[in-house]
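Any value given below was found using the heavy atoms of this structure, including those in side chains, with hydrogens, waters and symmetry copies removed. Lettering of chains follows the sequences in order, A, B, ..., and the numbering in each one begins at 1.
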Amino acid sequence: MLRQASRARVGGRSLFSTGSAMDKKESDEKLETMRHSAAHVMAEAVQAMFPEAKFGIGPTIEDGFYYDFDLPRTLTPEDLPAIEARMKESVKADTAFTHELVGKEEARRIFAHQPYKLELIDELPEEMVTVYRQGNFTDMCRGPHVKSTGEIKAFKLMSIAGAYWRGNEKNPMLQRVYGVAFNNQKEVDEYLARVEEAKKRDHRKIGKDLDLFVFSDLVGKGLPLFTEKGSVIRRELERFVVDEEIKRGYKHVYTPDLANIDLYKTSGHYPYYKDSMYPVMKVDEEELMLRPMACPHHFQYYASKPRSYRELPFRIAELAKQFRYEKSGELTGLMRVRTFCLADSHIICQKEQATGELNAVMDLIEYVAGVLGYKPGENFRYRLSLGDRKEDKKYYKDDEAWDIAENVLRQVLIQRKANFFEAEREAAFYGPKIDIQMKNFAGKEDTAFTVQYDFVMPKRFKLTYIDKDGKEKEPIVIHRSSIGAIERTMAFLIEHYAGAFPVWLSPVQAMIIPISDQHLDYAHKLEADLKENDIRVQVDDRNERMNQKIRDAQLQKIPYMLVVGDKEAENGTVSVRLRTGEQVQGLPFAEFKGKITKLIRERASGLAL
RNA sequence: GCCCACAUAGCUCAGUCGGUAGAGCACGUUCUUGGUAAGAACGGGGUCAUCAGUUCGAAUCUGAUUGUGGGCUCCA
């Protein structure tokens with residue numbers, strides 16, 4: 001369990017926990033010890049049910065623990081209550097955890113029938129290993145553990161899943177049982193309630209409820225269709241980011257969604273990623289493929305003629321459709337799809353310009369994140385994704401260039417006082433990157449935006465510029481995305497706002513609700529006026545009561561409901577009900593129009609008129 | 001791709017022991033013209049994911065396929 005356990009534990013750490021107080025840290029450690037012991041107790045229960053069980057590892061993770069088993073039959077969800085019941089007996093019996101330090105030879109004897117444990121023993125650098133026992137269960141484990149099983153307060157087994165031994169898909173698949181554990185039953189209940197809340201925010205559910213996107217088996221999996229409403233959000237995001245980038249000196253272009261395979265062979269992408277590229281299409285003598293990335297296209301634009309140092313930084317940007325053959329099991333709603341549109345850019349610049357450009361990119365990203373309502377530390381954090389000098393198969397071999405590039409990125413983060421952490425072996429093959437990691441409501445972290453320092457592609461594509469001194473020099477490239485993949489960003493946004501978007505993103509910004517059909521004329525007059533002013537408005541002219549119409553508009557999370565009856569038609573006013581429940585009676589229509597227009601133009605996050 | 005589970009009306013779901021389907025919401029029509037979260041009546045709507053098999057008979061049992069979910073792996 002040793003090393004794997006500790007790695008898994010770090011990986012499973014609460015992402016944005018900020019608590020640094022000593023007592024909190026201590027109670028965290030206590031809780032973690034208890035969770036780890038719960039994993040052992042679960043293993044004991046499984047061993048009692050399946051004496052021939054082979055054990056993998058059983059570390060703690062955020063909120064709980066898991067243990068991997070190799071069993072004579074597959075577990076089903078119905079097995080969980082039985083395992084849980086045995087665990088509870090064990091807790092009730094309050095048996096002591098004991099441990100001893102033994103030599104490797106002795107350990108091999110103890111675990112003679114446990115092939116996975118033997119494998120771990122063989123790889124341990126230490127000569128002595130710790131062996132923990134409770135009841136009839138013995139495990140190799142660094143510890144620590146609770147004194148006795150009675151200290152395990154409250155837990156619940158959550159799910160069964162397959163997991164490859166040591167995370168390698170070439171290894172056998174073990175059965176993993178996940179559980180959560182807390183200090184008391186109340187905390188377990190609260191955890192379960194949080195899980196339920198998260199489900200309500202799931203972008204797949206809200207996407208269906210609010211009719212934002214759909215999938216079709218005939219079109220294919222991982223290929224979303226944006227509905228009229230979803231397309232409004234997408235269009236607003238695209239307009240926003242294109243306009244903003246043009247303001248900031250980007251050259252916005254269109255390049256083809258497919259290209260000759262030689263392009264990706266030249267870039268070096270092909271051998272690294274051919275498994276996730278779509279197969280080649282033969283057309284006459286050409287071999288074409290859907291592009292899995294846009295970088296090489298942009299480089300060909302740059303390379304179309306000689307470039308002077310005066311043209312640098314050369315910032316090429318595109319809303320670039322890309323196609324990746326993600327494995328079927330990896331697809332998830334809009335989070336992970338097989339075709340997506342990346343707000344992509346490649347900044348070709350001199351090495352000395354890198355820091356300045358990186359800062360400008362970070363400014364842009366932070367601006368965009370701010371407009372979307374994301375707060376640093378709360379909704380996202382930075383990850384400095386590093387290479388591995390020893391892995392020259394996975395990463396381009398040039399130790400010095402890696403050192404320089406990683407340091408440039410690190411310095412940018414430090415100077416900006418950014419809240420970041422470093423992650424080994426998360427770099428691209430052509431260089432390190434800064435990833436903006438978003439946490440969704442299910443607690444999973446995903447890359448939203450990325451900034452990469454690339455010292456490889458200029459060589460591959462022989463990108464050059466003529467410097468002041470008339471000599472040809474090699475630039476570097478910054479790959480970056482300002483708003484990420486539109487699909488994924490929409491998924492994050494839907495969950496972030498739980499479907500209650502700011503006005504500028506709302507598919508329908510105002511719903512006009514006539515009190516009776518005598519007020520339809522006035523309602524349609526207002527509708528025409530607002531539409532003329534580019535406000536997305538509808539009249540609910542169904543034969544329903546006003547209450548019903550308000551309820552429906554409310555469920556659709558439409559920001560403003562304009563209730564109009566005799567009073568309003570007479571005075572040229574509207575009675576506004578906000579999505580928040582707040583009401584503004586008798587507001588002159590012109591005033592409403594002015595205020596909503598302003599909120600939209602400013603991309604305001606609030607609704608207050 | 002791998003492990004496990006799931007798939008019934010547009011949506012959320014029920015359907016007992018194998019005897020060819022039901023509710024609520026949504027939709028349509030009519031009545032109702034109602035002042036801030038569900039007015040009423042009636043009606044239309046399903047090859048029970050698909051294809052095979054077992055059976056006198058399959059939504060129900062078996063297998064395969066497709067899709068979805070939770071994990072694993074992967075994520076340029």
Legend entry - Check: A:Tyr382 ring centre within less than 6.0 Å of A:Phe380 ring centre: yes

Legend entry - A:Lys433 side-chain N/O to B:A76 phosphate OP1/OP2 under 4.0 Å: yes

Inset, instruction - Give a yes-or-no answer on whether the side chains of A:Glu318 and A:Thr255 include a donor-acceptor pair shorter than 3.5 Å. - result: yes

Inset, instruction - Tell me whether the OP1 or OP2 atom of B:A37 has a side-chain N or O from A:Arg577 closer than 4.0 Å. - result: yes

Inset, instruction - Answer yes or no: does a side-chain N or O of A:Arg204 lie under 4.0 Å from OP1 or OP2 of B:G69? - result: yes

Inset, instruction - Anything below 3.5 Å on both distances counts as a pair; with that, list the stems of at least three consecutive Watson-Crick or G-U pairs involving RNA chain B. - result: B:1-7 with B:66-72, B:10-13 with B:22-25, B:27-31 with B:39-43, B:49-53 with B:61-65

Inset, instruction - Using a cut-off of strictly less than 4.0 Å, decide whether A:Lys444 has a side-chain nitrogen or oxygen near OP1 or OP2 of B:G71. - result: yes

Legend entry - Nearest listed nucleotide, side chain of A:Ser159, among B:A76, B:A5, B:G70: B:G70

Inset, instruction - Quote, to the nearest angstrom, the P distance that separates B:G46 from B:G22. - result: 13 Å

Inset, instruction - Ignoring hydrogens and angles, answer whether the base of B:U32 and the side-chain atoms of A:Asn543 contain a donor-acceptor pair closer than 3.5 Å. - result: yes

Inset, instruction - Indicate, with yes or no, if the rings of A:Tyr396 and A:Trp402 have centres closer together than 6.0 Å. - result: no

Inset, instruction - Report which part of the nucleic acid A:Gln583 touches: base, sugar-phosphate, or nothing (heavy-atom distance under 4.0 Å, all strands). - result: base

Legend entry - base_contact_polar (B:U33 base, A:Asp517 side chain, donor-acceptor, <3.5 Å): yes

Inset, instruction - Tell me whether the OP1 or OP2 atom of B:A38 has a side-chain N or O from A:Lys549 closer than 4.0 Å. - result: no

Legend entry - Options B:C4, B:C27, B:C72, nucleotide nearest the side-chain atoms of A:Thr74: B:C4

Legend entry - Beyond-backbone contact of A:Phe589 with A:Glu568, side-chain heavy atoms, under 4.5 angstrom: no

Inset, instruction - Kindly indicate whether the side chain of A:Ser575 and the base of B:G35 share any N or O donor-acceptor pair separated by less than 3.5 Å? - result: yes

Inset, instruction - May I ask you to say whether A:Asp435 pairs ionically with A:Arg383, meaning some side-chain N is under 4.0 Å from a carboxylate O? - result: yes

Inset, instruction - Give A:Lys327 one of three labels, base, sugar-phosphate or nothing, depending on what nucleic acid heavy atoms sit under 4.0 Å from its own. - result: base

Inset, instruction - Check every strand shown and say whether A:Arg73 touches a base, only sugar-phosphate, or nothing at a heavy-atom separation below 4.0 Å. - result: nothing

Inset, instruction - Salt-bridge test for A:Lys567 and A:Glu570: reply yes if a basic N is under 4.0 Å from a carboxylate O, no otherwise. - result: no

Legend entry - B:G39 to B:U32 separation - C1' atoms, rounded to the nearest Å: 7 Å

Legend entry - Atom pair distance, as rounded to whole Å: CZ in A:Phe213 and C1' in B:C11: 15 Å

Legend entry - A:Phe461/A:Tyr302 aromatic ring centres below 6.0 Å: no

Legend entry - Phosphate OP1/OP2 of B:A26 contacted by A:Gln548 side-chain N/O (<4.0 Å): yes

